[in-house]
Amino acid sequence: MTNPEPGETAAPEAGRDFIRDIVAGDLAAKKYPQAVTRFPPEPNGYLHIGHAKSIALNFGIAQEFAGRCHLRFDDTNPVKEEQEYIDAIKADVKWLGFDWGKHLYHASDYFEQLYQWAEGLISAGKAYVDDQSQEEIRINRGTLTEPGKNSPFRERPVAENLDLFRRMRAGEFPNGARVLRAKIDMASGNINLRDPVLYRILHATHPRTGNTWKIYPSYDYAHGQSDAIEGVTHSVCTLEFEDHRPLYDWLIENLPVPSKPHQYEFARLNITYTLLSKRVLTELVKQGHVVGWDDPRMPTLAGLRRRGVPPAAVRDFVKRIGVAKANSTVDVGMFEFSVREALNKTALRRMAVLRPLKVVIENYPEGQTEQLEAANHPDDPAAGTRKITFSRELYIEQDDFMENPPKKFFRLSPGKEVRLRYAYFITCKSVIKNDKGEITELRCVYDPATKGGNAPDGRKVKATMHWLSAADAKPAELRLYNPLFTNPAPNAANFAADLNPASLETLRTALVEPAVIAGDDSEPMQFERQGYFVRDKESGAGKPVFNRVIGLRDTFAKETAKEHAKK
RNA sequence: UGGGGGAUCGUCCAAUGGUAGGACAGCGGACUCUGACUCCGUUAAUCUAGGUUCGAAUCCUAGUCCCCCAGCCA
């Protein structure tokens, strides 16, 4: 985290959303010397693209307003939290491109302070130990339309509360025996104010504090106070915490905290064909619908990373969608746009045949080969060129040939001439089929005068196709991914019903040009006319595996689909 | 029927009393050795009804619809 010179607090991009407006206004009014934000994940799962929106917001504000942003783990529930998640979250935030510098904190760092403040609340008569069972507390809380009833333990003397609370800490009582509650208002229309639980007994091992604590603070009690301890000025969270704000403020007002942070809420991210719920994502993993948190079909940052999505694409996406208070669902197409845009600029071009169809160039001498030059990136000469081999036996894409093509089909068909990219024009002479009538091979002729891909007589072809020399092509496994859900608005409550059975399509007979294997395959490449692919971690020397990050925009396929829909 | 929020092109986000704008998607075209990219053009919206005002997405009144809250989760 960089901390630019003071005085540089004028906001360069102020006013891009209502939260930044507030920050800019507070800074202009000299309410704070510096904007301090925080990203506060609970380590009970992996981060997903919805978190990326929050990360970019919080770290972005710090950058733009010359403030700072903390990474703080909200680790108040040891029953659900694990070290694996803590490590994964840090890795994901870094991957996204943000740096908390020295500002790494945990709510658990403040457990002792929080405890002392709780005793203070008890001493002030503002909190009490409740012996009611969980069930009784629930019943006495009332309903949305009926007020709650005071606990019979609400007027317990301070000394007794203190004694009981200390014994709770000492571990004298089993889980659920008692809780510490704030004494606010059991009749409040806001249920969060009906004597909210501040501490509960939990005999569990915490990833950081081990077995030191037998009681743990609730989210409401820990969160705002952690903000205050850290000097957070703008505590940004999602809409569902809006009606926790009065409680947030009550605690800040009634505790001797060192600063007074304020909470602001924005709408969480939703995307079509996607579920961004930690509960659902956890179940997808645990029930084996995906191979893990980093399954390339997952909307987790780990999944996107493995899928080959550049972090810049994620940042661009969350910047495009903006920040507001209205619930909304972003079209997944908008994310795909960001991914393609990021990849198009940098991905090196290669050729790969997903579903091979053999082609024999009848008039090309047997045994002869030649090296042709191909650009690594047509829009960037600096990316250089590579050699590709041409020979008598080739492979083209099955989709690039039709025996009886419709008018709009520009590719190869009997008697038709097309260009093989960077090579020659070829014309299809005949089709060879097997017993079942399936096309197994094409016999074509080439025009030696078109070497490199241009006809000296100026004649044009409608299509340019990718191809591979049979002797040089390398086998590879290609994994094509489709949305995990078939429903644009998947039902989180019954997500299994909306699962897409075809979310993963594995191509085991695909072929790639040698440069794909030989070159640096850690970065995504574009397999021309197909899409962007990146080497998967399961890839081995003898068995290269590539993930399709995303396909190229395919206007022809879209038109074809439309035609079909009409019929 | 308690409390808290929200409604602007198909979608997401702007416009804070003065020409409703941008992005994605769509459509049409140009270009093209990727049916990609790029470029040009274009369709398309203020939840409803009243009111205030020279002028309303914006202010007022009354409605409608949507979301969140009854964990010892966060």
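Proteins get letters first, then strands, A, B, ... in listed order; numbering begins at 1 in each.
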Asker: Distance check, C1' atoms only: B:C47 and B:G6, in whole angstrom units.
Answerer: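 Between the two C1' atoms, the distance is 12 Å.
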Asker: Apply side-chain contact (heavy atoms from CB on, under 4.5 Å) to A:Gln263 and A:Asp227, showing your working.
Answerer: CA-CA 10 Å; A:Gln263 175 184 300; A:Asp227 287 339; over 6 Å; no
Asker: With the criterion set at under 5.5 Å between ring centres and under 30 degrees between planes, would B:A74 be stacked on A:Tyr219?
Answerer: no
Asker: When you measure from the side-chain N and O atoms of A:Lys325 to the phosphate of B:C67, is any distance below 4.0 Å, counting only OP1 and OP2?
Answerer: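 No, because none of the side-chain N or O atoms of A:Lys325 sits under 4.0 Å from OP1 or OP2 of B:C67.
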Asker: Which residues pass the ring-ring contact (aromatic ring centres under 6.0 Å, His included) test with A:Tyr221, not counting sequence neighbours?
Answerer: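 Applying ring-ring contact (aromatic ring centres under 6.0 Å, His included) to A:Tyr221 gives A:Tyr199.
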Asker: Less than 4.5 Å apart, side chain to side chain, heavy atoms only: is that true for A:Tyr216 and A:Val79?
Answerer: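 No, every pair of side-chain atoms sits at 4.5 Å or beyond.
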Asker: Is the distance from OP1 or OP2 of B:A36 to the nearest side-chain N or O of A:Thr555 less than 4.0 Å?
Answerer: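 So the side chain of A:Thr555 is within the cut-off, an N or O lying under 4.0 Å from OP1 or OP2 of B:A36.
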Asker: Do the side-chain N and O atoms of A:Glu230 and A:His70 include a donor-acceptor pair separated by under 3.5 angstrom?
Answerer: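 Yes, a side-chain donor-acceptor pair sits under 3.5 Å.
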Asker: Taking the nucleotide of RNA chain B with the closest heavy atom to each, which residue, A:Asn344 or A:Gly322, is nearer the 5' end?
Answerer: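 So the residue in question is A:Gly322.
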Asker: Rounding to an integer number of angstrom, what distance separates B:C54 and B:C13 when you compare their C1' atoms?
Answerer: 31 Å
Asker: Considering only the P atoms, how many Å lie between B:U61 and B:G26, rounded to the nearest integer?
Answerer: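 Taking atom P in both B:U61 and B:G26, they lie 43 Å apart.
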Asker: Whether A:Arg38 engages the ring of A:Tyr105 as a cation-pi pair (distance to the six-membered ring centre under 6.0 angstrom, angle to the ring normal within 45°) should be assessed.
Answerer: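 No; the conditions do not both hold, so A:Arg38 does not lie above the ring face of A:Tyr105.
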Asker: Quantified in whole Å, what is the P atom distance between nucleotide B:G2 and nucleotide B:G10?
Answerer: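 About 33 Å, rounded to a whole number of Å.
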Asker: From A:Thr282 OG1 over to A:Arg279 CZ, what is the distance, rounded to the nearest 0.5 angstrom?
Answerer: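 A:Thr282 atom OG1 to A:Arg279 atom CZ measures 9.0 Å (nearest 0.5 Å).
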Asker: Provide, to the nearest angstrom, the distance between the CD atom belonging to A:Gln530 and the P atom belonging to B:G35.
Answerer: 10 Å
Asker: If the C1' atom of B:G35 is compared with that of B:U43, how far apart are they to the nearest Å?
Answerer: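 About 24 Å, rounded to a whole number of Å.
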Asker: Toward the 5' end of RNA chain B, which comes first, A:Leu144 or A:Pro378, by nearest nucleotide?
Answerer: A:Leu144
Asker: Report yes if at least one side-chain N or O of A:Thr272 is closer than 4.0 Å to OP1 or OP2 of B:U11; otherwise report no.
Answerer: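 So the side chain of A:Thr272 is outside the cut-off, no N or O lying under 4.0 Å from OP1 or OP2 of B:U11.
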Asker: Apply the test side-chain hydrogen bond (donor to acceptor under 3.5 Å, both in side chains) to residues A:Gln371 and A:Thr389: give CA-CA distance (whole Å), side-chain angles for both, the deciding distance (0.1 Å), then the verdict.
Answerer: CA-CA 5 Å; A:Gln371 299 293 303; A:Thr389 306; 3.0 Å; yes
Asker: Based on the glycosidic angle (syn within 90° of 0, else anti), state the conformation of B:G28.
Answerer: anti
Asker: Dot-bracket for RNA chain B, 5' to 3', counting Watson-Crick or G-U wobble pairs under 3.5 Å, with [ ] for crossing pairs and | for inter-strand pairs?
Answerer: .((((((..((((....[..)))).(((((.......)))))....(((((..]....))))))))))).....
